[in-house]
2 protein chains.
Amino acid sequence: MSGRGRIFPNLCNLKLTRQIQNYPGAMNSGVNLKELAAELKLSPSTVSRALNDSYEISAETKKKVISMAEKLNYQPNPFARSLRENKSKTIAVVIPERINNFFAQVIDGIEHITQQHGYHLLVYNTHEDVDKEKKIISLLLNGRADAIVMSVSSQTSDVSHLERLHERGVPLIFFDRICSGIPTTKFITNDYESTFEGTRHLLQQGCKKIAFLMLSKELSITKERLRGYQDAIREAGLESESCLNITCCQNEEKNIELIRDLLLSENRPDGILASVEKLALATYQAVKRTNLRMPDDLKIISFSNMNIAGLLNPSLTTITQPAFTIGEECAKLLIRKLTRPKQPDLLNQVITVPSKITIRSSTVAG
Amino acid sequence: MSGRGRIFPNLCNLKLTRQIQNYPGAMNSGVNLKELAAELKLSPSTVSRALNDSYEISAETKKKVISMAEKLNYQPNPFARSLRENKSKTIAVVIPERINNFFAQVIDGIEHITQQHGYHLLVYNTHEDVDKEKKIISLLLNGRADAIVMSVSSQTSDVSHLERLHERGVPLIFFDRICSGIPTTKFITNDYESTFEGTRHLLQQGCKKIAFLMLSKELSITKERLRGYQDAIREAGLESESCLNITCCQNEEKNIELIRDLLLSENRPDGILASVEKLALATYQAVKRTNLRMPDDLKIISFSNMNIAGLLNPSLTTITQPAFTIGEECAKLLIRKLTRPKQPDLLNQVITVPSKITIRSSTVAG
DNA sequence: AATAAATACGAAAACGATTGCGAAATAATA
DNA sequence: TATTATTTCGCAATCGTTTTCGTATTTATT
């Protein structure tokens, strides 16, 4: 035992230990509470309390502990904490599509709020597949996430998996594509009104035959938007022809062909309301396969959160949801629910955030 | 004690317990290993071993245990397991931008592989902000994720935070925007070659003055792509004029103005190579603010993973990375590293996956 | 000065899983 | 039949926190 070695005797031991633990393949989360306590010649309980700013610990001790914790770069083990506190500081986000500006913006909004409160985001993509959705939900049944924010897949009609989740007591929030059967809070845009307005706009631009493109009749947004579309058609004294209500599928190429066939049929529409962005883009592709010109022969308006709607040819008239805000609102509500002790369950209500219509060339006669 | 009540005595107690635990605000992860064991009149260790298919347990017992576990819908607590096994079954993905098809596709690719192995994905967006990146990385220092896949922000030049992470032993993989200083595996596309080809294509289409748009000179992709561009310029016997190397910023509007100024300057380029998609779109916006016509007055090629490059006006000639594949390859490598015990560290190597150039109207004389 | 109250900390029990070790019960061997 | 293997399972420690309880010391009160 040399004098030199005794300056930081414990520190030296510590470094040795850390090197030993640091073999390849092992997670090395650095120093732990017990080691930190030993370094300070205090008990783990005291150190824990000091770091959590407990009133039972003197200011002096707190200072020492905090300083040493920083020096050794102590990071509490999140799993020990989760196990003990029965919460994970993690929120799961389940979406049907990742390559989609709307969902990406919503997630950005969620992250913006949750990050401020130390929450982490698990993100899952169902790919519009209800079986994948069920698997993901069953994975979340074990408490890995403290709460779930989701938009259901277009295939989802049986919602028993979501009911189970909700009954388990996992806070669950829907946005955009909601499940009205599950008694919780949902955030949507004013689907009915904005579609109504959008359709009316097409009518004002001279459209006589307007087709409605949708993904699936099961979807909450489809139902509401279809209703808005139909009411606007009827208000204009026109007939809502069911042959103009087109249900598309998940296959892009098939959709393009389907729409092309529609555009070449006898009953050809002169206007299109696409209930989702993807179908507007398919329409653009379909039009390229015909001799039709937009907006002269065909006008189109669509729900879309594309930042480059203005760069399309013709530039696309859009109904744009405040996606980032929707994400933020979902997150704010959840944070309230999760951080306040014994907070009541999420109210069974639908909160509407209005969309904004931006008129561009695709609906304005050349 | 009635005879009726004794048919499933423990089950009744169980249900009661579950209801009590299920107060609002509490995570209810359902039945627990101890409870499951009590139900089976076995010890927790036996049940655990049975569920993990240990050789020490008889086939008969295993069957009973599994059946009861399904009946009670037993879900092991992930945090207890993580704590014990020192692994989280979670992989963190850190990207600079969420509203970006390239990164979204990469994540889809990662998820496609990791999901098959029971891994979960934590996704973080740095918003091209190195300070946010540092915070996120420091959050990941505690072992919350078993590994990290990332693409650095355009601001990242000091990489000490990434070095610390790597030294901690957390498996780390870079893709696209890499850190050559950190000795680990990186996945990139053939940045040099594809930019070289792209530039040559512009030259072949008659461009005499080609500008190069970039986000930041610090970025690995910028350096490589700039090199490819410059070599192609020199190969053609032209000068690489530094005034045509435009460094853009994070503000979209400023970029548009910057590019517009360039397009209105005396030294106006007749071709543009945008090293990232965002800058190609800014160019389209900038052109709209001038009297120039594309492709006649200005041709443009850009790295881009937009699915609708063909719908722009003019349709955009692109260099497209195999984003989904890149994600898959990152994930495959990580899974190998994480599932094999005592696997050696990730090799310090750069793996190149070639891009594909798709020529469209934006580079072809009308 | 004797007692009560406040302060500051430690020991140990959780949280829920996995696993080394020991020990019955059964089967195989001498 | 006595001994040794083998099979099958339980006990208890462990992972790293937080927290309940207990206790020693100091300060305040009568």
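Here is the naming used below: chain letters follow the sequence lines, and residue numbers restart at 1 for every chain. Not measured: the values here are computed from a predicted model.
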Are OP1 or OP2 of D:dG16 and a side-chain N or O of A:Asn32 less than 4.0 angstrom apart? yes
Looking at A:Arg84, I'd like to know whether one of its side-chain N or O atoms comes within less than 4.0 Å of OP1 or OP2 on D:dG16. no
Taking the minimum atom-to-atom distance to the side chain of B:Glu56, which one of D:dC9, C:dT18, C:dG10 wins? D:dC9
Which part of the nucleic acid, if any, lies within reach of A:Leu33 when heavy atoms closer than 4.0 Å are counted: base, sugar-phosphate only, or nothing? base
Would you say A:Lys332 has more than 12 foreign heavy atoms packed within less than 6.0 Å of its NZ? yes
Respond yes when some side-chain nitrogen or oxygen of B:Ser48 is under 4.0 Å from OP1 or OP2 of C:dT18, and no when none is. yes
Contact class for B:Ser58 (heavy atom, under 4.0 Å): base, sugar-phosphate, or nothing? sugar-phosphate
Using atom CD of A:Glu85 as one end and atom C1' of D:dG16 as the other, report the distance to the nearest whole Å. 12 Å
Report the nucleotide, chosen from D:dT17, D:dC9, C:dG16, that has the shortest atom-to-atom distance to any side-chain atom of A:Pro76. D:dT17
What is the nucleic acid contact for A:Thr61, judged by heavy atoms within less than 4.0 Å: base, sugar-phosphate only, or nothing? sugar-phosphate
Once you round it to whole Å, what is the distance between C1' of D:dT8 and NZ of B:Lys64? 12 Å
Pair of N/O donor and acceptor under 3.5 Å linking C:dA8 base with A:Arg49 side chain: no
How long is the line joining CG of A:Asn77 and C1' of C:dC15, in whole Å? 13 Å
For D:dG10, does either OP1 or OP2 sit under 4.0 Å from a side-chain N or O belonging to B:Ser43? yes
Step through the shown structure and confirm whether more than 12 heavy atoms of other residues, nucleotides or ligands are within 6.0 Å of CD on B:Glu60. no
Integer-rounded Å distance: D:dG16 P and A:Asn86 CG: 20 Å
Between D:dC15, D:dC9, C:dA17, which one does the side chain of B:Ala80 approach most closely? C:dA17
Output the distance between atom CZ (A:Arg81) and atom CZ (B:Phe79), rounded to the nearest 0.5 Å. 13.0 Å
Start at the 5' end of DNA chain D and walk down; is the nucleotide closest to B:Val47 or to A:Arg81 reached first? B:Val47
Atom-pair distance (NZ on B:Lys89; P on C:dA17), nearest Å: 17 Å
Is there a donor-acceptor contact under 3.5 Å linking the side chains of A:Ser48 and A:Ser45? no
Using atom CG of A:Asp53 as one end and atom C1' of C:dA8 as the other, report the distance to the nearest whole Å. 15 Å
Scan side-chain atoms only and decide if A:Asp108 and B:Asn125 contain a donor-acceptor pair under the 3.5 Å cut-off. yes
Under 4.0 Å between a side-chain N or O of B:Ser82 and OP1 or OP2 of C:dA17? no
Can you check whether A:Tyr74 has a side-chain N or O nearer than 4.0 Å to OP1 or OP2 of D:dT17? yes
Provide, to the nearest angstrom, the distance between the CG atom belonging to B:Asn52 and the C1' atom belonging to C:dA17. 9 Å
